[in-house]
4 protein chains.
Amino acid sequence: MTTRQRATPNAARRRETSRRAILTAAFDLLQEVGYAKVSIEGIATRAGVGKQTIYRWWPSKGAVIFDAFLMLSEGSDGEAPVLPDTGDLEADLTAVLRATIEELNDPRYDQPMRALATEIAHDPELAAAYAERLDGPLKEAKRRRLRSAQQAGQLAEDLDLDVAVELIWGPVLNRWLQRTGPLTTQYVDSVVTTALNGLRPRPTDGTPTRG
Amino acid sequence: MTTRQRATPNAARRRETSRRAILTAAFDLLQEVGYAKVSIEGIATRAGVGKQTIYRWWPSKGAVIFDAFLMLSEGSDGEAPVLPDTGDLEADLTAVLRATIEELNDPRYDQPMRALATEIAHDPELAAAYAERLDGPLKEAKRRRLRSAQQAGQLAEDLDLDVAVELIWGPVLNRWLQRTGPLTTQYVDSVVTTALNGLRPRPTDGTPTRG
Amino acid sequence: MTTRQRATPNAARRRETSRRAILTAAFDLLQEVGYAKVSIEGIATRAGVGKQTIYRWWPSKGAVIFDAFLMLSEGSDGEAPVLPDTGDLEADLTAVLRATIEELNDPRYDQPMRALATEIAHDPELAAAYAERLDGPLKEAKRRRLRSAQQAGQLAEDLDLDVAVELIWGPVLNRWLQRTGPLTTQYVDSVVTTALNGLRPRPTDGTPTRG
Amino acid sequence: MTTRQRATPNAARRRETSRRAILTAAFDLLQEVGYAKVSIEGIATRAGVGKQTIYRWWPSKGAVIFDAFLMLSEGSDGEAPVLPDTGDLEADLTAVLRATIEELNDPRYDQPMRALATEIAHDPELAAAYAERLDGPLKEAKRRRLRSAQQAGQLAEDLDLDVAVELIWGPVLNRWLQRTGPLTTQYVDSVVTTALNGLRPRPTDGTPTRG
DNA sequence: TTATAATCGAGACGGTACGTCAAGTCTTCCA
DNA sequence: TGGAAGACTTGACGTACCGTCTCGATTATAA
């Protein structure tokens, strides 16, 4: 079990192979048939598992999918994620965002991530779990990189780092999820630059743009 | 008909009362039971209409809901929306965003708008229709306000207005949809200020912050 | 119009081409798709006619099919049917029954006639119309042939001719409709002989079997 | 399960209560609303059962109705039916046929039996099942009674008993199903007498009519 | 010869039922 | 006792027809 369970199934007796089979099947189906057509029944069949085994350990389809993502993210490594810190904030952010959109543009991940995102949009409980377990560490990494820049005097002293993070990633994620426009390299570059410099005209005071 | 139709139902013979009843029922049910539990069958029953009448004119549940929004937005007025322009850009944006989050926080609209947003997230065709018919005019209004400020020298000359719009609204919409945090007045104020000034420190050159 | 109509459609103005097209389409569909799958809608489409035109002139699917048969039977000739009368009753009956089963065994007529028969089984009104308009003349011909034989002393004097007719045709029709057994030449020959002679042993009094 | 099933539903797990409820509901509805208006949906609702449970075990409405009859006939007794044998064949046959038409004239059984009969008329597979499981034992009883009479010298030695059975019951069943005339006591008496004696005049050889 | 009124083709409508799919619960049997 | 299997009730799916109801566009009398 990972997220939320029903009553008190004896977690100790849980069969790990079934758990993995279910989560793998869920993620695979997500890619293959799309979110709307993924069914508990389908996952169970694909995983070679009884439906009850799913219902016993997960409260909803969204929770299964969530755990599938969790398994994936934990599978890669057990450690906390870190953003690159070359000292050049703009370059670092640009690099990270370019990697992000590459993933978002990858058809293998697009569908599943949309599924997760919209599931979160409808289920507050899931959103909380997401914030804590999946997004939490990542967001912390982002904040950390910005704090480092702030301490180096590259960011405004009174900057609210949470707002700062959202100012950079919010536009990109929103454009992706709502399909407001294409996720191109130029676009994310532009977002980073504009966010850093602000919309207002910068007084020409000799300060170089990159810093 | 508004969005997409099947083969060649004779639109001239279409019964307007049924159309309105369906869209109204759809919107009402969205509020009452939530998107996932809205069914075509339920809409038909509530509207006092045969299911076929829905299937005849709309290709999917999402399309019905989309048209329900369209009806609402057209019902309010037929004219293009305009953002306030007092000359004080920051004040104007703040006012607009405060109104926006008030609506997003209103339980009557929260559910339906999430439904629309996630439906768009999964259906590119619907996303295109949304971009053109619902979001289009609004986005144009936002761009217009920013252009006015730009011409007044309040915004950078080389600013990409599309990026600018997303930089302001993206964070807010993303926080709303992903439930990343509460939509408070302070938050949107902070977003506007930070977006205008940028993340970097502003050199103190005597230029007043507001202007 | 032929059978029963609703209120007072002006029969004089009725379009004969449509009537024929409907009845022909009905009969053809009966052969092609079977009774259960014949629909008013299908008939109308096939006949190139509006549904209302059918509903205006016929009260039910069964009535349409009935009229289709009526058209066919009237199409062949306008005169009353006559059974052969060579003087040899057994030979005549055998010949007629052999012709009958040939038709019943013909797949082109089997389906439609079953449709008519079962429709009659469920609809007393239709049964009455059938008795009067389709079966009536035929039955009269059968009775006439038997009466002729009776007058020639070949049949019992006190014989109830209605019972006699049913004794000969009843077994055959019942076997056909209920699929109790195959309709072979031997079978109908046997029915005729047995009906004429009765089940009891015939005393050998010199009377020849064929008379 | 009794007649035909689809793929491989595990019959061992089948719920007997549901089966009985379905068959009972089917038979009751047949009486109440008539065959044409009996729907799978209606049966399911009345039986307090999911539609799928019907579709899982029966291939068609006709099959359900057939099984309903089967349940009834098996419910009455498990033994093979026997016709009375007092030695007086004519009296015995008359008694049996009188009982038969009493049932056929009973509105409680008329509708359901017509339903079964017409369903058989359209579905060969069902007809085979009927011949084997419902009609079979009864027909055997009829043949047995006639054979007994034959051995007693009351029937012609070379008589085909199948033809004989049909000669007696065919006319009655045909008159019933096709509504060719009323099923009265006189009628069945007349059928029996005429069938036994034949249509031809009986030579007055001293043999008494009743034997 | 025109009007005028009905029938006609077409097909949208409110419905009912179809036969299918999946949800979530429950029961049986196996390891 | 957890799990595989799968039957169960429920409910929605999307489709086919039902029988009713307009809608112009033909007709075919009656003015």
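Residue numbers start from 1 in every chain, and the chains themselves are labelled A, B, ... in the order their sequence lines are given, proteins ahead of strands. Reckoned from all heavy atoms, side chains included, excluding hydrogens, waters and symmetry mates.
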**Q.** Closest-nucleotide 5' rank along DNA chain F - winner of Gly50(A) and Val49(D)
**A.** Gly50(A)
**Q.** Any Arg13(B) side-chain nitrogen or oxygen under 4.0 Å from OP1 or OP2 of dC13(E)
**A.** no
**Q.** Trp58(D) vs Ile22(D) side-chain heavy atoms within contact, under 4.5 Å
**A.** yes
Q: Calculate the interatomic distance between Ile54(D) atom CD1 and dT9(F) atom P; express it in whole Å.
A: 9 Å
Q) Given dG14(E), is OP1 or OP2 found less than 4.0 Å from the side-chain N or O atoms of Ser18(B)? A) yes
Q) Would one find a side-chain N or O of Arg56(C) under 4.0 angstrom from OP1 or OP2 of dC8(E)? A) yes
**Q.** Proximity to the side chain of Lys51(B) - top-ranked nucleotide from dC8(E), dA7(F), dA17(E)
**A.** dA17(E)
Q.
Quick check on dC8(F): is either OP1 or OP2 less than 4.0 Å from any side-chain nitrogen or oxygen of Trp57(D)?
A. yes
(Q) When you measure from the side chain of Ser39(D) to the backbone of Gly42(D), do you find a donor-acceptor pair of N or O atoms at a distance under 3.5 Å? (A) yes
Q | Least distance between heavy atoms, Val38(B) atom then Lys61(B) atom | A | O-NZ, 2.9 Å
Q: Please list residues of residues 37-46 of chain D whose heavy atoms come under 4.0 Å from any atom in DNA chain F, ordered by number; otherwise none.
A: none
Q) If you check the Asn10(B) side chain, which of dA12(E), dT20(E), dT20(F) turns out closest? A) dA12(E)
Q | Nucleotide dT9(F), atom C1' - distance to OH of Tyr55(D) in whole Å | A | 16 Å
Q. Which listed nucleotide (dA10(E), dC8(E), dA12(E)) is nearest to the side chain of Gln52(C)?
A. dA10(E)
Q) For DNA chain E, whose closest nucleotide is more 5', that of Gly48(B) or that of Gly48(C)? A) Gly48(C)
Q. Within less than 4.0 Å of OP1 or OP2 of dT27(E), is there a side-chain N or O belonging to Arg15(D)?
A. no
Q. Which sits closer to the 5' end of DNA chain E, Lys61(D) or Glu16(C), going by the nucleotide each is nearest to?
A. Glu16(C)
Q: May I ask you to say whether Arg108(D) pairs ionically with Glu32(D), meaning some side-chain N is under 4.0 Å from a carboxylate O?
A: no
Q) Closest to the Thr53(A) side chain: dA4(F), dC13(E), dT7(E)? A) dA4(F)
Q: Take the angle between the ring planes of Tyr130(C) and Phe66(C) and call it parallel below 30°, perpendicular above 60°, tilted in between.
A: perpendicular
Q. Rounded to the Å, how far apart are Trp58(A) CH2 and dA23(E) P?
A. 15 Å
Q) Arg179(D) and Ile120(C): which non-hydrogen atoms are nearest, and at how many Å? A) NE-O, 3.2 Å
Q | Heavy-atom side-chain proximity of Met71(A) to Thr24(A) below 4.5 angstrom | A | yes
